[in-house]
Enquirer: 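After the structure tokens below, expect a handful of questions from me.
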Amino acid sequence: MIRKILFLFLVTTSLLNAQSDMTKGFGLLEQGNFQEAEDFFAEYLTNDPTNKTAKLCYGRAVGLSGEPKKATNLFADLLKEYPGDFEILINYNESFLWAKEYEQAKPLYADLVEKFPDKFGAVLGYANTLSNLKEYKLALRWVEKAKALQPENESAKISRKFMRLGYANSFVNDQQYKKGEQTLKKIFEDFPNDKDVLINLANLYLITKQADKAKSMYARYATNQKDSITALNGIALAHHIDEDDKEALLTSKRATNKVDKIDDVALTENTYDRYVQALIWNRKFINAKKMIDSLEVHYKNRNWIHALRATLGLYTGDAKSSVKSYDRILVNDSASFDGNLGKANALFASDRIVPAYKMANQTLKFYKNQKDAKGFIEKLNLMHTPTIEEHAAYTFDNGNNTAFYTNTTVDVPFSTKFRTTFSYFFRSTENTVTDNKATSHVALMGLQYKLFPKTVLKTVLGFNNSRFLDEAYTQPVLDIKLDLQPFKLQNLTLGYQREVQSFNAELIEREIVQNHYGLNYNLGTNVNFGWYTQLMHTQQSDENVRNLLFTSLYYNILRKPALKMGLNYQYITFKDQVPTIYFSPEKYQAVELFADLRGKISEKTSYAISAATGIQQVEDDPNTNIFRAEASVLHQFSKRFSLSIYGKYSNIASATAAGFEFTEVGLKAKWLFLKKPLFYKKLKLD
């Protein structure tokens with residue numbers, strides 16, 4: 001804008017000097033034909049080499065056509081000839097702006113406005129220089145001074161608009177959203193319904209998850225055919241943020257129908273980008289892949305195509321392919337926000353934690369204080385920060401047994417691969433009819449090591465000290481598990497566990513040790529179905545043997561809130577039947593339908609409810625009805641402390657070692673007692 005001011009100044013000067021034969025050159029400058037203007041004034045100067053105005057115009061044409069340093073030298077030479085000349089000084093200063101050398105320009109403009117405080121061009125030039133240096137508060141003060149000199153000047157208004165846009169963006173980057181919103185809305189005083197402001201406000205509302213306000217801004221933005229398509233693309237994203245993905249897809253489809261009727265490559269790319277995103281949000285993965293393949297035929301090696309492939313990979317559990325797609329983006333543009341933070345997320349999904357940390361930190365180098373990158377690093381920190389968890393519960397059953405127990409666990413990650421746990425478990429049981437009482441003390445130390453990404457070896461060692469009346473015994477406890485993911489969307493756990501039965505006083509008295517050999521397998525799919533199976537073989541110290549099969553076929557009906565329903569089948573057999581001591585049928589079967597619902601009550605409070613009902617059969621006895629239910633509420637008091645309460649009930653015969661119907665109520669507290677992981681300073685992220 002300052003270019004236009006100086007151009008008008010030069011035109012006025014030339015007219016005063018009756019240099020009408022330079023009119024063509026002025027026109028070329030005004031129209032932005034700088035190379036032609038350079039040629040024009042170069043030729044003019046061959047005939048009139050001392051003409052000051054022609055030299056100034058030639059310098060401007062040279063600088064604006066891509067040679068700002070050459071222009072600086074030309075103006076510097078002119079200053080030797082005309083020391084202190086305002087015309088030359090202001091052009092000399094502006095040449096540093098053309099070269100984006102704002103730090104060098106700042107003291108020059110500061111000196112200029114001190115010498116010429118009433119010169120509008122100098123004051124506005126200084127304001128624009130400060131704005132380019134992102135010193136928005138000071139820049140706005142100086143632009144007000146420029147407006148005071150020429151209250152109706154349109155150039156000052158436009159400069160102030162862009163300063164406020166930049167200032168608002170800095171507030172948003174610092175997560176001062178209210179200040180950002182207020183700064184943007186001030187622009188409406190000069191430019192009602194300004195498109196730049198509307199789109200920036202819409203983006204701010206998307207960031208702050210105010211979907212309805214974002215939709216309102218996009219509606220105001222849609223004043224012509226092209227802008228209505230841009231608005232629909234934004235509204236589709238607002239629907240997604242508002243957790244209405246079906247409407248997002250319908251809106252995006254409308255946008256593609258409209259964009260197909262116009263010739264605008266950039267807008268077409270943006271629209272189909274959003275449409276494929278909407279397909280992915282709606283888990284229409286086959287359609288999304290076909291569309292990506294089709295688009296790639298027309299748009300070779302485009303970053304938005306690579307980003308779509310990466311997103312599809314993350315949604316379908318193929319994180320390795322996502323990493324490759326983000327790498328292609330970074331080859332094209334090493335500073336790409338999608339490429340850097342997207343790769344960080346893909347590495348995290350691949351269980352490569354340290355590289356994920358480094359990519360997120362790399363993102364912050366390019367985009368200082370970026371909210372999502374900082375949030376991602378914080379998420380990783382919270383996952384690896386030492387914690388203390390307390391679990392306390394009270395149970396009672398229809399066999400007149402009551403119990404109270406507490407379990408304190410300390411989890412200390414020493415690196416992203418290795419962590420330890422220390423836990424102490426105390427259980428006190430009593431039978432109110434026989435008056436039998438017993439206590440158990442279990443101390444455990446756990447070691448967990450990640451052998452490879454998504455392959456973790458877990459071991460727990462300790463002892464169980466149990467007391468019954470005047471008798472006591474101590475038994476070793478051992479638990480070894482290998483968690484791995486053999487293929488995408490599949491999880492497998494192989495394990496061995498040695499434990500002592502401690503459900504009630506009678507079982508504690510008998511000192512029954514169980515050796516469990518187990519396998520857990522979960523198969524996920526991209527069509528919402530899942531299948532979970534548990535196989536367990538148990539050898540007991542009383543020479544009894546138990547075999548267990550549990551399998552569950554389920555379907556994810558909703559994502560938010562998460563609703564899952566399915567069918568469970570359980571089969572148990574014992575070698576020896578000792579029903580007077582504990583539940584041990586030769587054959588037990590149960591079939592049940594279950595539902596599991598999880599969601600949020602508020603931003604910091606979540607809930608989980610599950611229930612199942614069906615039939616069970618013990619030996620050849622008649623079928624009986626079964627029912628179980630559990631509900632919990634968790635409140636996140638801060639990022640480092642949470643508390644949950646729960647209650648559960650079951651009358652399934654296999655639910656306890658004694659085969660009793662039982663009820664339990666309890667609470668859990670979790671505290672991250674350090675602010676960051678122990679290893680954070682050793683990550684060497686720089």
Side-chain angles (χ1 to χ4, degrees), residues 1-19 21-133 139 142-143 146 149 155-156 159:
M1 191 49 57
I2 195 169
R3 294 176 186 172
K4 188 173 182 181
I5 298 165
L6 290 173
F7 170 73
L8 292 173
F9 181 83
L10 287 170
V11 170
T12 303
T13 303
S14 67
L15 289 175
L16 290 172
N17 293 320
Q19 300 291 339
D21 51 349
M22 283 191 277
T23 303
K24 180 182 177 182
F26 296 150
L28 292 171
L29 279 174
E30 184 178 18
Q31 294 160 17
N33 298 322
F34 302 123
Q35 187 59 56
E36 292 180 43
E38 180 181 344
D39 295 339
F40 174 87
F41 285 109
E43 184 177 349
Y44 185 94
L45 286 168
T46 59
N47 298 319
D48 189 1
T50 62
N51 188 293
K52 176 181 142 185
T53 301
K55 287 182 177 181
L56 279 173
C57 288
Y58 176 67
R60 290 187 65 78
V62 167
L64 292 169
S65 63
E67 296 182 273
K69 291 194 175 180
K70 182 179 177 182
T72 302
N73 292 331
L74 289 170
F75 295 137
D77 290 340
L78 268 175
L79 280 173
K80 293 175 184 176
E81 190 175 350
Y82 303 97
D85 184 283
F86 175 74
E87 257 185 275
I88 303 170
L89 282 170
I90 199 166
N91 277 278
Y92 175 74
N93 290 4
E94 193 184 1
S95 68
F96 288 96
L97 302 185
W98 302 335
K100 302 188 186 312
E101 295 177 347
Y102 306 121
E103 289 288 354
Q104 291 90 324
K106 181 180 175 181
L108 296 175
Y109 272 109
D111 183 61
L112 191 65
V113 295
E114 186 176 350
K115 292 176 179 175
F116 303 96
D118 296 328
K119 293 288 188 179
F120 176 81
V123 175
L124 186 59
Y126 188 37
N128 286 328
T129 302
L130 293 167
S131 180
N132 281 312
L133 289 169
W142 277 95
V143 84
L149 292 172
S155 300
S159 287

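Values in this document were obtained by computation on a predicted structure and should not be read as measured data.
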Enquirer: Considering non-hydrogen atoms only, spot the tightest contact between Val113 and Ala122 and give its length.
Expert: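 Heavy atoms only, the tightest pair is CG1-O, 3.5 Å.
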
Enquirer: Looking at Leu130, Leu97, Val123, which one forms a side-chain contact (heavy atoms from CB on, under 4.5 Å) with Tyr109?
Expert: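 Going through Leu130, Leu97, Val123 one by one, the side-chain contact (heavy atoms from CB on, under 4.5 Å) with Tyr109 is satisfied by Leu97 alone.
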
Enquirer: Do Tyr92 and Leu78 have side chains that approach each other closer than 4.5 Å (heavy atoms only, starting at C-beta)?
Expert: no

Enquirer: If you compare all heavy atoms of Ala156 against all heavy atoms of Phe120, which two are closest, and at what distance to 0.1 Å?
Expert: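 Answer, listing the atom of Ala156 first, then Phe120: CB-CZ, 4.0 Å.
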
Enquirer: Before giving the answer on side-chain contact (heavy atoms from CB on, under 4.5 Å), spell out for Met22 and Asn51 the whole-Å C-alpha distance, their side-chain angles and the decisive distance to 0.1 Å.
Expert: CA-CA 11 Å; Met22 283 191 277; Asn51 188 293; 3.8 Å; yes

Enquirer: Give a yes or no on whether a salt bridge exists between Arg60 and Glu94, defined as a side-chain N under 4.0 angstrom from a carboxylate O.
Expert: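 Yes, this pair counts.
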
Enquirer: With rounding to the nearest 0.5 Å, note down the distance linking CG in Asn93 to OH in Tyr126.
Expert: 11.5 Å

Enquirer: Could you measure the distance from the OH atom of Tyr82 to the CZ atom of Phe75? Nearest 0.5 Å is fine.
Expert: 13.5 Å

Enquirer: Can you check side-chain contact (heavy atoms from CB on, under 4.5 Å) on Glu38 and Glu67, steps first, answer last?
Expert: CA-CA 11 Å; Glu38 180 181 344; Glu67 296 182 273; 4.2 Å; yes

Enquirer: State whether Phe40 and Lys24 meet the cation-pi test: NZ (Lys) or CZ (Arg) under 6.0 Å from the six-membered ring centroid, and within 45° of the perpendicular axis.
Expert: no

Enquirer: Can you tell me how far apart OG1 (Thr129) and CD (Glu103) are? Round to the nearest 0.5 Å.
Expert: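 It is 10.5 Å, given to the nearest 0.5 Å.
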
Enquirer: State the CG-CG distance between Leu79 and Asn91, to the nearest 0.5 angstrom.
Expert: 9.5 Å

Enquirer: Test side-chain contact (heavy atoms from CB on, under 4.5 Å) on Phe34 and Leu29 and set out the steps.
Expert: CA-CA 6 Å; Phe34 302 123; Leu29 279 174; 4.0 Å; yes

Enquirer: Which value, rounded to the nearest 0.5 Å, describes the distance between Lys119 atom NZ and Ile90 atom CD1?
Expert: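 Those atoms lie 9.0 Å apart.
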
Enquirer: Does some side-chain heavy atom of Thr53 sit less than 4.5 Å from a side-chain heavy atom of Cys57?
Expert: yes

Enquirer: Which heavy-atom pair separates Leu124 from Ser155 by the least distance, and what is that distance?
Expert: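 Closest approach of Leu124 to Ser155: CD2-CB, 4.1 Å.
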
Enquirer: Taking all atoms of both residues into account, what is the closest heavy-atom pair of Ser159 and Val143, and its distance?
Expert: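 In terms of heavy atoms, the two residues are closest at CB-CG2, 4.2 Å.
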
Enquirer: Can you check whether Tyr44's main-chain N or O pairs, donor with acceptor, with Asp48's side chain at less than 3.5 Å?
Expert: no

Enquirer: Closest heavy-atom contact between Trp98 and Ala71?
Expert: CZ3-CB, 3.9 Å

Enquirer: State plainly whether the residues Lys52 and Asp85 are in salt-bridge range, i.e. N to O under 4.0 Å.
Expert: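 So Lys52 pairs with Asp85 through a salt bridge.
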
Enquirer: May I ask you to test the Leu133-Lys106 pair for a side-chain heavy-atom distance under 4.5 Å?
Expert: yes

Enquirer: For Gly59 versus Leu74, what's the shortest heavy-atom pair and its separation?
Expert: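 For Gly59 versus Leu74, the nearest heavy atoms are CA-CD1, 4.0 Å.
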
Enquirer: Would you confirm whether Asp111, through its side chain, and Pro107, through its main-chain N or O, come within 3.5 Å as a donor-acceptor pair?
Expert: no

Enquirer: Evaluate the criterion side-chain contact (heavy atoms from CB on, under 4.5 Å) for residue pair Phe86 and Leu112; output intermediate values, then yes/no.
Expert: CA-CA 8 Å; Phe86 175 74; Leu112 191 65; 4.1 Å; yes

Enquirer: Is it the case that over 12 heavy atoms from other parts of the model lie below 6.0 angstrom from the CD atom of Glu43?
Expert: no

Enquirer: Please check this pair: side chain of Ser131 against backbone of Ala127, looking for a donor-acceptor N/O pair closer than 3.5 Å.
Expert: no

